[in-house]
2 protein chains.
Amino acid sequence: MQAVPHSTKERILTAAEELFARHGFDGASLRQLTAAAGVNLAAVNYHFGSKDRLIEEVFRRRLDQLNGHRMTALSRIAGLPETSLEDVLAAFIKPALELSHEGSGSLFMRVLARAFAEHDDTLRKFLSENYGHVMRQFTAEFGRLLPQLSREELYWRVDLVTGALTHAMSGFGMIQRKSDVTERVHREQTAEHLIRFAAAGLNAP
Amino acid sequence: MQAVPHSTKERILTAAEELFARHGFDGASLRQLTAAAGVNLAAVNYHFGSKDRLIEEVFRRRLDQLNGHRMTALSRIAGLPETSLEDVLAAFIKPALELSHEGSGSLFMRVLARAFAEHDDTLRKFLSENYGHVMRQFTAEFGRLLPQLSREELYWRVDLVTGALTHAMSGFGMIQRKSDVTERVHREQTAEHLIRFAAAGLNAP
DNA sequence: GCAGGAATCAAACGATCGTTTGAGCATACG
DNA sequence: CGTATGCTCAAACGATCGTTTGATTCCTGC
């Protein structure tokens with residue numbers, strides 16, 4: 001973890017991620033943002049074209065990585081007869097926890113939670129078009145493992161699970177790591193906790 | 001349900017609730033807001049003092065009612081030996097569903113979801129000071145019914161449940177009512193659905 | 001070593017924001 | 001009737017927003 005990233009574009013993206021998480025997309029101005037990044041005000045429009053395009057790039061940088069890991073993990077277990085509900089949940093949750101615990105990525109989940117709360121059509125369309133296939137594939141696999149649920153019940157429960165996880169990983173409600181466990185162990189314990197809760201909810205009678 | 005509420009204050013509050021839900025607290029301007037309410041721009045600062053105080057009043061109007069119903073329902077069952085986890089969840093969920101289904105209150109849960117996503121200190125402090133005791137009493141009752149959980153696990157699971165429910169009730173992911181069931185029946189079915197999911201999650205092994 | 005595109009910079013643009021002002025209108029009370 | 005009092009109104013305030021401009025500096029390839 002270095003103090004200042006290399007390029008101007010990356011400095012802007014990192015500062016934007018933090019300020020969007022803290023003050024929202026409207027609440028964080030380009031003047032605060034460029035001041036925090038140590039770059040000129042005009043650099044945002046020069047490198048990204050507009051504030052909206054900057055917002056999209058903030059999402060793209062993390063979601064490409066996050067959903068890539070998710071799809072890789074899912075593809076290893078999807079359709080196999082020995083795959084359990086917990087396996088699929090682990091493929092969904094663990095990449096997010098890894099991102100959440102590595103250096104600068106911890107604030108991104110809060111940006112994502114904001115995007116959920118904002119019912120902004122432009123942002124929703126962007127997320128749906130670029131990353132909607134990930135949720136569809138996970139939902140399909142959940143459906144395979146929960147054949148007793150109607151399609152309606154399945155959608156509902158997946159929605160409840162994603163809501164709970166987004167809320168949990170964006171908040172500082174996150175359980176603090178005890179000083180006598182390594183971060184790797186703590187991350188495993190957190191994942192176990194979330195997976196057990198989500199699996200029980202999905203499997204509800 | 002009448003087209004235009006009586007007083008200027010109520011017209012402002014109703015328009016504010018809708019616009020805050022749709023565009024956020026920063027995104028909705030006082031000019032849009034007063035135009036939608038059919039009142040003069042200066043009326044907000046005359047009747048409420050500032051935009052921030054208006055935001056607080058939007059919360060106060062609904063939360064006084066919502067948490068009043070929640071506390072009444074909880075007080076009827078708290079501490080009794082025959083009370084079940086589902087009973088406590090019902091006391092928490094059903095008042096919110098009733099609010100969510102009556103006329104203009106349906107958008108308020110989206111306002112509440114925004115308040116969760118915004119980590120604004122002023123707003124959090126206001127909500128915690130005025131309504132924190134409600135969550136504390138519900139958490140205490142959950143703890144009584146789930147003695148096998150450590151305090152840490154209890155807090156975590158309650159946080160996951162509130163996250164899931166807030167997310168569910170704020171989204172239009174809400175299951176649509178079929179034309180052959182009354183709204184009252186539909187509300188009962190929705191409550192059953194949420195309660196079953198939450199109880200299973202809280203009771204996870 | 002110099003030409004030329006890429007990048008940075010200070011400054012300004014028009015628009016919109018929350019808030020304030022002071023005059024005008026209404027209703028109620030002596 | 002006169003006059004307070006509560007409310008509404010158009011207009012303006014200063015601040016801040018995203019964006020654009022044009023000059024300047026940096027850096028690379030011939």
Side-chain angles (χ1 to χ4, degrees), chain A residues 2-61 111 114-115 118 120-123 125-126, chain B residues 2-61 111 114-115 118 120-123 125-126:
Chain A
Q2 55 200 18
V4 178
H6 306 82
S7 70
T8 296
K9 283 187 80 163
E10 281 188 46
R11 281 223 296 267
I12 292 174
L13 283 171
T14 301
E17 187 171 75
E18 170 164 349
L19 288 173
F20 287 157
R22 262 188 235 293
H23 306 113
F25 303 113
D26 285 337
S29 74
L30 294 186
R31 284 170 176 81
Q32 302 178 291
L33 202 155
T34 49
V39 304
N40 187 271
L41 167 62
V44 169
N45 282 278
Y46 178 79
H47 286 285
F48 297 95
S50 69
K51 186 179 183 178
D52 282 336
R53 298 258 302 277
L54 168 62
I55 294 174
E56 289 187 4
E57 284 304 313
V58 168
F59 281 101
R60 207 185 298 274
R61 180 172 70 152
V111 179
R114 277 186 187 275
E118 317 226 0
D120 178 87
D121 283 339
T122 307
L123 196 52
K125 192 177 172 189
F126 168 79
Chain B
Q2 55 200 21
V4 177
H6 307 82
S7 70
T8 297
K9 283 186 79 164
E10 280 188 47
R11 283 225 294 266
I12 292 174
L13 283 171
T14 301
E17 187 170 76
E18 170 165 349
L19 287 172
F20 288 156
R22 262 188 236 290
H23 305 114
F25 303 112
D26 284 338
S29 74
L30 294 186
R31 283 170 177 82
Q32 302 178 293
L33 201 155
T34 50
V39 304
N40 186 269
L41 168 61
V44 170
N45 283 278
Y46 177 79
H47 286 285
F48 298 96
S50 68
K51 185 179 183 178
D52 282 335
R53 300 258 302 277
L54 167 63
I55 293 175
E56 289 187 4
E57 284 304 313
V58 168
F59 281 101
R60 207 185 298 275
R61 180 172 70 152
V111 179
R114 277 186 186 274
E118 315 227 1
D120 178 86
D121 283 340
T122 306
L123 195 52
K125 192 177 172 189
F126 168 78

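As a basis for the values below, the full set of heavy atoms in this structure was taken, side chains included, without hydrogen atoms, waters or symmetry mates. Numbered from 1 within each chain, the chains take letters A, B, ... in sequence-line order.
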Rounded to the nearest Å, what distance is computed from the [atom1] atom of residue [X] to the [atom2] atom of nucleotide [N]?
X: A:H47; N: D:dT20; atom1: NE2; atom2: P; value: 15 Å
X: A:N45; N: C:dA11; atom1: CG; atom2: C1'; value: 15 Å
X: B:L41; N: D:dA10; atom1: CG; atom2: P; value: 10 Å
X: B:N40; N: C:dG22; atom1: CG; atom2: P; value: 16 Å
X: A:E10; N: C:dA7; atom1: CD; atom2: P; value: 14 Å
X: A:D52; N: D:dG18; atom1: CG; atom2: P; value: 10 Å
X: A:Y46; N: D:dC26; atom1: OH; atom2: P; value: 15 Å
X: B:F48; N: C:dT19; atom1: CZ; atom2: C1'; value: 16 Å

Base, sugar-phosphate, or nothing: which does B:A43 touch, judged by heavy atoms less than 4.0 Å apart?
-> nothing
Tell me, which of residues 19-34 of chain B have any heavy atom that sits under 4.0 Å from an atom in DNA chain C?
-> B:A28, B:S29, B:L30, B:R31
Are any of A:T8's side-chain N or O atoms less than 4.0 Å away from OP1 or OP2 of C:dT8?
-> yes
B:S50 side chain near C:dG18 phosphate (N/O to OP1/OP2, under 4.0 Å) = no
At their closest point, which heavy atom of A:F59 faces which heavy atom of A:A115, and how far apart are they?
-> CZ-CB, 3.6 Å
Look at the side chain of B:R114 and the backbone N and O of B:F20, then say whether any donor-acceptor pair between them is shorter than 3.5 Å.
-> yes
Donor-acceptor pair, A:K51 side chain versus A:F25 backbone, under 3.5 Å?
-> yes
Scan residues 24-50 of chain A for pairs that pass side-chain hydrogen bond (donor to acceptor under 3.5 Å, both in side chains), counting only residues two or more places apart or in two chains.
-> none
The salt bridge (charged side-chain N to carboxylate O under 4.0 Å, His left out) partners of A:R53 (sequence neighbours excluded) come to none
Are side-chain heavy atoms of B:F48 and B:E56 found at a separation under 4.5 Å?
-> no
